Undergrad: 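Below is one structure. I have some questions about it.
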Amino acid sequence: DLDVLLLQETHVGLGKEEAEFCVPGFAVVSSPGTARTAGVAVMVSRRLCEPDLLRHRVLQEGRLLHIRLPLPKGTGRTSPRASPHLDLICAYQHVWDGEQKTLPKRALFMQSVQKLVGSLPVRNTWVIGGDFNVSLTRAPGCVGQGLYHSRTVAGCAGAPDAAELTALLEVHQLRALNTYGRPADAYTFEGDALRQSRRSQIDFVLAQSRCCDGQSLRCGPRQAGGQLLPMEGRPQAFCSLCGSSYHGLGAAHQTQCRAA
């Protein structure tokens with residue numbers, strides 16, 4: 001039932017070169033990293049869009065990938081003359097390792113994200129999924145109370161540039177969808193360091209506030225038993241054929257709408 005998958009840390013598992021290809025049911029766009037780090041990819045269901053209609057650009061190799069796909073023209077809330085689009089952004093920030101030399105790399109990454117988001121048409125629907133390697137703090141209208149509080153302020157949780165992600169949310173009226181659940185279940189990474197369980201919440205799904213309702217704010221991690229916990233969410237959007245709202249990214253709704 002998944003319409004889109006946003007993948008980080010693919011390394012070179014999908015090939016060593018930037019590529020577009022198909023697997024059963026999905027079109028895949030990959031921007032690889034190295035054998036040990038980075039790498040991002042987006043998978044789009046063919047129920048949502050045919051592969052030849054996808055457009056993509058790589059803003060930072062293995063770090064920042066933008067996909068745009070058209071949604072059908074219609075007579076609903078969108079002008080019949082303007083076909084709305086879905087903008088997908090897959091992001092992977094540099095890990096904060098406590099070294100000052102890492103800060104310029106992280107700053108350049110966030111500048112690229114800010115520039116990209118600032119260039120997106122407001123009428124489009126945006127979904128941004130990323131490993132931002134930083135923790136968020138409560139920010140009314142942008143970040144909820146569902147924040148996992150680590151016992152230690154180590155690693156990315158203590159990054160000195162954390163305010164940059166919050167600023168992005170506030171400037172562009174975005175919400176971190178996976179910050180509105182139970183704090184105890186909000187962690188997106190679980191690992192062991194020196195035999196001590198270590199959890200953190202540094203991965204986020206972002207969407208425009210206008211696309212958020214109760215169901216979309218239930219986005220959260222699946223407790224899948226691995227170190228990196230996959231997240232699933234269903235942002236609200238508006239059908240360009242009938243004008244009604246739906247959840248997810250619309251493949252099933254559009255099929256029903258066309259048949260009606």
Side-chain angles (χ1 to χ4, degrees), residues 2-23 26-33 37-46 48-71 78 82-94 105-134 164-165 167-169 171-178 203-211 219 231 233 235 237 240 248-251:
L2 298 177
D3 292 329
V4 166
L5 290 88
L6 305 177
L7 309 175
Q8 297 86 33
E9 288 195 76
T10 57
H11 299 182
V12 293
L14 298 176
K16 296 182 179 181
E17 304 291 335
E18 179 182 330
E20 296 181 67
F21 56 92
C22 292
V23 296
F26 287 88
V28 182
V29 181
S30 171
S31 176
T37 187
V40 291
V42 175
M43 299 176 65
V44 179
S45 170
R46 298 189 66 161
L48 183 64
C49 180
E50 285 300 318
D52 60 343
L53 296 178
L54 294 178
R55 298 293 181 266
H56 83 274
R57 53 178 172 156
V58 175
L59 286 302
Q60 283 194 17
E61 291 185 3
R63 296 280 176 184
L64 188 57
L65 174 61
H66 173 215
I67 306 287
R68 176 169 290 169
L69 56 102
L71 297 175
T78 303
S83 177
H85 290 73
L86 174 64
D87 286 299
L88 303 169
I89 298 175
C90 189
Y92 179 53
Q93 171 66 292
H94 295 269
K105 296 179 183 178
R106 288 171 60 93
L108 181 60
F109 173 84
M110 284 305 302
Q111 289 169 12
S112 297
V113 173
Q114 291 162 359
K115 184 176 180 180
L116 171 56
V117 174
S119 72
L120 301 178
V122 176
R123 67 179 179 274
N124 290 359
T125 297
W126 314 341
V127 177
I128 305 166
D131 181 347
F132 289 95
N133 273 311
V134 71
E164 293 188 20
L165 181 56
L168 176 76
L169 298 175
V171 169
H172 297 287
Q173 298 181 8
L174 301 171
R175 284 195 182 191
L177 301 186
N178 57 307
D203 309 277
F204 300 98
V205 177
L206 315 178
Q208 296 133 301
S209 294
R210 66 178 177 83
C211 294
C219 170
M231 283 191 293
S240 60
L249 297 178

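Position 1 is the first residue of the sequence, and the numbers go up from there. Not measured: the values here are computed from a predicted model.
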Undergrad: Does any donor atom in the side chain of R106 or H94 lie under 3.5 Å from an acceptor atom in the other side chain?
TA: no
Undergrad: How about L174 and Q208: do any of their side-chain heavy atoms sit closer than 4.5 Å?
TA: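 In short, these two side chains touch, coming nearer than 4.5 Å.
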Undergrad: Any non-hydrogen side-chain atom of P32 less than 4.5 Å from a side-chain atom of K16?
TA: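 No, side chains not in contact.
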Undergrad: Classify the ring geometry of H172 against W126: parallel below 30°, tilted from 30° to 60°, perpendicular beyond 60°.
TA: perpendicular
Undergrad: Quick check: does any side chain N or O of N178 sit under 3.5 Å from a backbone N or O of D203, one acting as donor and the other as acceptor?
TA: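 Flag set: sc N178 to bb D203 pair under 3.5 Å.
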Undergrad: So how far is it from E17 CD to S31 OG, rounded to the nearest 0.5 Å?
TA: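 Answer for the CD-OG pair, E17 versus S31, is 10.5 Å.
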Undergrad: Please identify each residue that fulfils salt bridge (Lys or Arg N to Asp or Glu O under 4.0 Å) with R55, with sequence neighbours left out.
TA: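 For R55, no residue satisfies salt bridge (Lys or Arg N to Asp or Glu O under 4.0 Å) once neighbours in sequence are set aside.
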Undergrad: Would the number of heavy atoms belonging to other residues, nucleotides or ligands and lying under 6.0 Å from CD of E18 be above 12?
TA: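 Result for CD/E18: enclosed.
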Undergrad: Are any non-hydrogen side-chain atoms of L120 and R68 less than 4.5 angstrom apart?
TA: yes
Undergrad: Give the minimum heavy-atom separation between P70 and L53, together with the two atoms involved.
TA: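 Taking every non-hydrogen atom into account, CD-O, 3.4 Å.
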Undergrad: Could you report the tightest heavy-atom contact between V134 and L165, atom names first, then the distance?
TA: CG1-CD2, 3.8 Å
Undergrad: Measure across F26 and S45 and return the closest heavy-atom pair with its distance rounded to 0.1 Å.
TA: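 Closest heavy-atom pair between F26 and S45: CD2-N, 3.4 Å.
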Undergrad: Test F204 against L169 for side-chain contact (heavy atoms from CB on, under 4.5 Å), laying out the working first.
TA: CA-CA 11 Å; F204 300 98; L169 298 175; over 6 Å; no
Undergrad: Out of the candidates L64, V40, T10, only one should pair with Y92 under the side chain to side chain contact (heavy atoms under 4.5 Å, CB included) rule; please name it.
TA: V40
Undergrad: What distance do D131 atom CG and L6 atom CG have between them, rounded to the nearest 0.5 Å?
TA: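 Reported to 0.5 Å precision, the distance equals 12.5 Å.
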Undergrad: Any donor and acceptor pair, going by atom type alone, linking the side chain of Q60 with main-chain N or O of A91 inside 3.5 Å?
TA: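 Not a single qualifying donor-acceptor pair exists.
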Undergrad: Provide the closest heavy-atom pair for L14 versus A41 in the form atom of the first, atom of the second, distance.
TA: CD1-CB, 3.6 Å
Undergrad: Taking H66 as the fixed residue, which of D87, V113, V29, V117 is the one that meets the side chain to side chain contact (heavy atoms under 4.5 Å, CB included) rule?
TA: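 Single pass found, and it is D87.
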Undergrad: Just verifying a value: how many Å separate L168 CG and I128 CD1, rounded to the nearest 0.5 Å?
TA: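 Between atom CG of L168 and atom CD1 of I128 there are 6.0 Å.
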Undergrad: Tell me, do L7 and S30 make a side-chain contact under 4.5 Å, heavy atoms counted?
TA: no
Undergrad: For the atom pair CG (D3) and SG (C49), what is the distance rounded to the nearest 0.5 Å?
TA: 11.5 Å
Undergrad: Could you tell me whether Q173 atom CD has more than 12 heavy atoms of other residues or ligands within 6.0 Å of it?
TA: no
Undergrad: For a 4.5 angstrom cut-off between non-hydrogen side-chain atoms, does M110 reach Q114?
TA: yes
Undergrad: Would you compute the distance between atom NE2 of H11 and atom OG1 of T37 and round it to the nearest 0.5 angstrom?
TA: 5.5 Å
Undergrad: Grab the two heavy atoms, one from R57 and one from L116, that are nearest each other, plus how far apart they are.
TA: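 Looking at all heavy atoms of both residues, the shortest contact is NH2-CD1, 3.2 Å.
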Undergrad: Who passes salt bridge (Lys or Arg N to Asp or Glu O under 4.0 Å) against E20, sequence neighbours left out?
TA: none
Undergrad: Quick one, N133 and F109 - any side-chain contact, counting heavy atoms below 4.5 Å?
TA: no
Undergrad: At their closest point, which heavy atom of V12 faces which heavy atom of G33, and how far apart are they?
TA: CG1-O, 3.6 Å
Undergrad: Less than 4.5 Å apart, side chain to side chain, heavy atoms only: is that true for M43 and V23?
TA: yes
Undergrad: Please walk me through it: do L48 and L86 pass side-chain contact (heavy atoms from CB on, under 4.5 Å)?
TA: CA-CA 10 Å; L48 183 64; L86 174 64; 4.2 Å; yes
Undergrad: Assess the residue pair V42 and L65 against the criterion (side-chain contact (heavy atoms from CB on, under 4.5 Å)); give the C-alpha distance rounded to whole Å, side-chain angles, the decisive distance to 0.1 Å, and a yes or no.
TA: CA-CA 8 Å; V42 175; L65 174 61; 3.9 Å; yes
Undergrad: To the nearest 0.5 Å, tell me how far L69 CG sits from I67 CD1.
TA: 8.5 Å
Undergrad: Is there a side-chain contact between V44 and L88 (heavy atoms, below 4.5 Å)?
TA: yes
